[in-house]
Amino acid sequence: MSPATDQPQRARARRQRFAIACVLALLTTTLLSLGHRQVGYVRDEGVYFVAGRVYAAWVSDALAGRNNARTQAARDRAFALNREHPALMKTAAGVSARMFAKPAIAPKSTPDAVTREPSGLWPLMAEGAAMRLPAQALAGALVGLLFLLGARIGRSRLAGLLVAVGFISLPRVWFHAGLHCFDIPVVFAGVVCTYFYFRSLRDPRYGWALGPALGVAIAIKHNALFLPFLFGLHHLMCMGIEIAKTPHLRDRKLWARVFSLPFVNMLLVAPLSALALWPWMWADTWQRLQEYFAFHLHHSWYNMEYLGVNYNKPPLPVDLPVVLTWATVPSCLLVLACIGCVLLLVRDVRLARAQAKPNANEHTIGQLFLAPHRGFVGDGLGSLLLLSAVFPIALISSPNVPVFGGTKHWLLAYPFLLLAAAYAWRVLWSKAELGPRVRHAPALALLVVLVPGIWSTAHGHPHNLSQYAPAVGGARGAAQLGLGRGFWGYAVTPLLPNMQQPTGSMYLHDLHELVRRQYVREGVLPPGLEAATPRRADQALMFYERHMLTNEIDVWNGLGTTSPSAVVTLDDVPLTGLYTRPSRRP
């Protein structure tokens with residue numbers, strides 16, 4: 001086929017892939033928005049809901065020039081709340097609520113004196129669902145992006161579906177993707193930054209874009225601060241290979257490539273972009289940055305059950321992230337990912353050997369500064385995917401790194417593991433050399449590979465923070481192994497109809513007070529239901545975890561019963577119990 005006729009077909013194929021990516025993004029966002037209305041609010045969301053309302057109010061006042069909002073005092077009053085995290089996603093959530101939220105109930109001076117707050121411009125959903133929407137939209141965009149990257153690496157749409165559907169159908173990914181939190185948004189930003197970095201090695205346009213993109217990522221969550229170190233490690237590895245092949249590389253050109261445009265841009269532009277998106281940092285910047293880093297360097301530890309042992313202080317077992325990855329990701333995907341990593345490294349070695357001598361010396365210092373891998377041996381794709389997959393897991397494996405969220409801390413590894421799986425998919429099918437009679441075999445095989453994750457997620461919903469992979473035996477097998485059942489006090493929505501006393505008191509246990517208030521704002525719980533200790537409460541929530549045994553005993557003694565009136569379970573594994581004082585039972 002001639003290049004003249006081949007080019008329109010390639011353009012048509014690109015348009016078709018882009019259309020599929022858009023459909024996947026929209027479908028993912030829609031399913032998350034609808035499905036997560038059954039998922040209870042997690043404890044962090046309670047704080048973020050309040051912050052989002054305050055931040056959005058400041059944005060509205062600042063744009064309209066009301067209430068002296070543009071002064072430092074007004075800005076600091078608004079953004080002092082939850083200043084330990086950047087403001088970008090919370091601001092987006094608050095703006096989303098002002099657009100799509102139904103009227104909320106606002107308590108007044110007494111619990112029974114309530115009023116209805118104004119609704120959003122298009123009141124389509126509850127306030128919490130509206131605030132979750134920006135993160136869900138980024139999750140959808142991530143799925144679409146992963147389809148495009150997977151199709152490119154795997155050279156087929158099926159490979160793209162393997163990456164996109166394989167990622168979002170992981171139970172823990174699906175759970176976090178629908179929350180008003182920052183874990184999946186920062187994964188999206190991390191994948192974008194990694195793609196920009198890879199392209200910037202040969203295309204200066206991406207070098208200019210990398211700095212602002214990294215700044216946006218940092219403005220989402222602090223995880224992005226580690227990306228420059230990952231990119232730097234990959235770049236130095238590539239430079240080491242080139243120096244080994246070209247010992248007489250001129251020093252001045254070497255320095256131009258080490259301190260090149262992508263890294264200068266990350267060093268200078270990214271911090272400025274991040275600060276520009278965080279109004280709290282616009283005054284007393286140095287002092288507030290020190291407070292921000294100190295908070296995360298000395299973050300409190302959460303209790304975590306791991307193989308029957310409760311950990312609440314360092315050191316944690318080094319193998320915890322690896323074992324939990326095995327326990328929460330279907331084995332078929334992990335096997336494909338491991339095969340892909342090996343094949344990608346073999347590919348890098350072959351490309352390096354194929355080019356006898358780099359031609360970097362044929363370029364000027366300016367050219368090498370703008371695109372540091374001009375004339376470089378190979379493209380370094382395999383080593384970049386492997387580092388990107390291993391780095392987040394290795395980072396959290398350090399025994400002294402605080403653990404306060406389980407697998408969500410290394411979710412950024414999963415897209416790159418699946419991209420490696422896409423490459424394995426491509427190579428293995430090309431080696432199979434199937435004839436036309438079995439041309440549908442790859443599609444059928446894709447279903448076999450994806451079904452375990454899809455089934456686990458569908459079966460575990462809305463409790464996928466407590467779901468485990470089929471190889472472990474799901475939630476029941478994980479309970480037998482002594483793995484954690486959940487955290488954040490989220491598994492409560494099935495119990496809400498049982499908590500409808502117009503007056504009375506409730507022991508909230510791990511349910512955050514601000515989450516209870518959010519349920520009240522949305523009319524799910526009555527305003528008169530007050531928080532109390534087990535001894536004074538009429539009802540008590542109990543989230544079952546190994547370290548919660550003393551709390552459960554307090555509930556038994558305080559309410560005078562050891563039998564819950566209702567229990568939330570997943571595969572017969574109790575997650576949350578509701579205890580009712582016998583005198584208040586109907």
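Positions are given from 1, in the same order as the sequence printed here.
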Check the pair F369 / F259 against ring pair (Phe, Tyr, Trp, His ring centres under 6.0 Å), numbers first and verdict last. CA-CA 7 Å; F369 169 78; F259 297 99; 10.0 Å; no
Step by step, would you call S169 with W174 a side-chain hydrogen bond (donor to acceptor under 3.5 Å, both in side chains)? CA-CA 6 Å; S169 64; W174 174 263; over 6 Å; no
Which pair of non-hydrogen atoms, one from A92 and one from P134, has the smallest distance, and what is that distance? O-CG, 3.5 Å
Hey, what do you get for CG (L179) to CG (D44), rounding to the nearest 0.5 Å? 9.5 Å
Before accepting this row, confirm whether a basic side-chain N of the pair D379/R347 lies closer than 4.0 Å to the acidic partner's carboxylate O. yes
Could you check whether atom CZ of R288 has more than 12 heavy atoms from other residues, nucleotides or ligands sitting under 6.0 Å from it? yes
Under a 4.5 Å cut-off applied to non-hydrogen side-chain atoms, are S260 and F263 in contact? yes
Could you go step by step and tell me if Y490 and S466 meet the side-chain hydrogen bond (donor to acceptor under 3.5 Å, both in side chains) rule? CA-CA 10 Å; Y490 79 96; S466 307; 3.0 Å; yes
Verify the neighbour count for atom CZ of F295: are there more than 12 heavy atoms of other residues, nucleotides or ligands below 6.0 Å? yes
Quick one: do W488 and V515 satisfy side-chain contact (heavy atoms from CB on, under 4.5 Å)? Show the steps, please. CA-CA 10 Å; W488 275 347; V515 170; over 6 Å; no
Is it true that, when you exclude R43 itself, more than 12 heavy atoms of the residues, nucleotides or ligands shown sit nearer than 6.0 Å to its CZ? yes
Can you label the angle between the Y292 ring and the H296 ring as parallel, tilted or perpendicular, going by 30° and 60°? perpendicular
Spacing of OH belonging to Y197 relative to CE belonging to M266, to within rounding of 0.5 Å: 7.5 Å
Determine, step by step, whether F79 and Y55 satisfy the ring pair (Phe, Tyr, Trp, His ring centres under 6.0 Å) criterion, reporting the C-alpha distance in whole Å, the side-chain angles of both residues, the deciding distance to 0.1 Å, and the verdict. CA-CA 7 Å; F79 289 93; Y55 295 178; 4.5 Å; yes
Could you check whether any side-chain N or O of R152 sits under 3.5 Å from a backbone N or O of L149, counting only pairs where one atom can act as donor and the other as acceptor? no
Within this structure, what is the CH2-CG distance for the pair W410 and N223, rounded to the nearest 0.5 Å? 12.5 Å
Tightest non-hydrogen contact, residues Q518 and G128, listed as NE2-N, 3.7 Å
Output all residues satisfying side chain to side chain donor-acceptor pair (under 3.5 Å) with H85, sequence neighbours left out; order by chain, then residue number. none
Student check: side-chain heavy atoms of I218 and W278 closer than 4.5 Å: no
Measuring from atom CG of N464 to atom CG of L170, what distance do you get when rounded to the nearest 0.5 angstrom? 10.0 Å
Checking side-chain contact (heavy atoms from CB on, under 4.5 Å) between I220 and each of V186, I184, V187, which is the one that passes? V186
Minimal non-hydrogen separation, L146 against L419, with atom names: O-CD2, 4.5 Å
Closest heavy-atom pair and its distance - L483, A327: CD1-CB, 4.1 Å
Answer yes or no: is there a donor N or O on one side and an acceptor on the other, between the side chain of W282 and the main chain of L275, under 3.5 Å? yes
Which atoms form the tightest heavy-atom contact between N82 and A51, and what is the distance? CB-CB, 4.3 Å
Which label fits Y306 and Y311: parallel for a plane angle under 30°, tilted from 30 to 60°, or perpendicular past 60°? tilted
Determine whether a donor-acceptor pair (N or O, by modelled atom type, separation under 3.5 Å) exists between the side chain of Q467 and the backbone of G474. no
What's the separation between atom CD1 in I168 and atom OG1 in T457, rounded to the nearest 0.5 Å? 8.5 Å
Heavy-atom nearest pair, V39 first then R132, reads O-NH1, 3.3 Å
Check against side-chain hydrogen bond (donor to acceptor under 3.5 Å, both in side chains), D571 and H459: CA-CA 9 Å; D571 290 339; H459 179 71; 2.5 Å; yes
Does any N or O in the side chain of S398 come within less than 3.5 Å of the main-chain N or O of L395, such that one atom is a donor and the other an acceptor? no
Value rounded to 0.5 Å, distance of CZ in R17 from CG in L148: 7.5 Å
Using a strict 4.0 Å threshold on nitrogen-to-oxygen distance, state whether R172 and D183 make a salt bridge. no
Is it true that a side-chain atom of E45 and a backbone atom of H180 form a donor plus acceptor pair closer than 3.5 Å? yes
Passes side-chain contact (heavy atoms from CB on, under 4.5 Å), C341 versus L345? Steps please. CA-CA 6 Å; C341 288; L345 290 179; 5.7 Å; no
Worked verdict on N303 versus E305 for side-chain hydrogen bond (donor to acceptor under 3.5 Å, both in side chains): CA-CA 7 Å; N303 285 278; E305 184 180 3; over 6 Å; no
Verdict with supporting geometry, Y41 and F49, ring pair (Phe, Tyr, Trp, His ring centres under 6.0 Å): CA-CA 10 Å; Y41 298 138; F49 289 148; 4.9 Å; yes
Would you list the atom pairs, donor with acceptor, under 3.5 Å between side chains in residues 205-212 and any protein atom, with sequence neighbours excluded?
from: R205; atom 1: NE; to: D203; atom 2: OD1; distance (Å): 3.2
from: R205; atom 1: NE; to: D203; atom 2: OD2; distance (Å): 3.2
from: R205; atom 1: NH2; to: D203; atom 2: OD2; distance (Å): 2.7

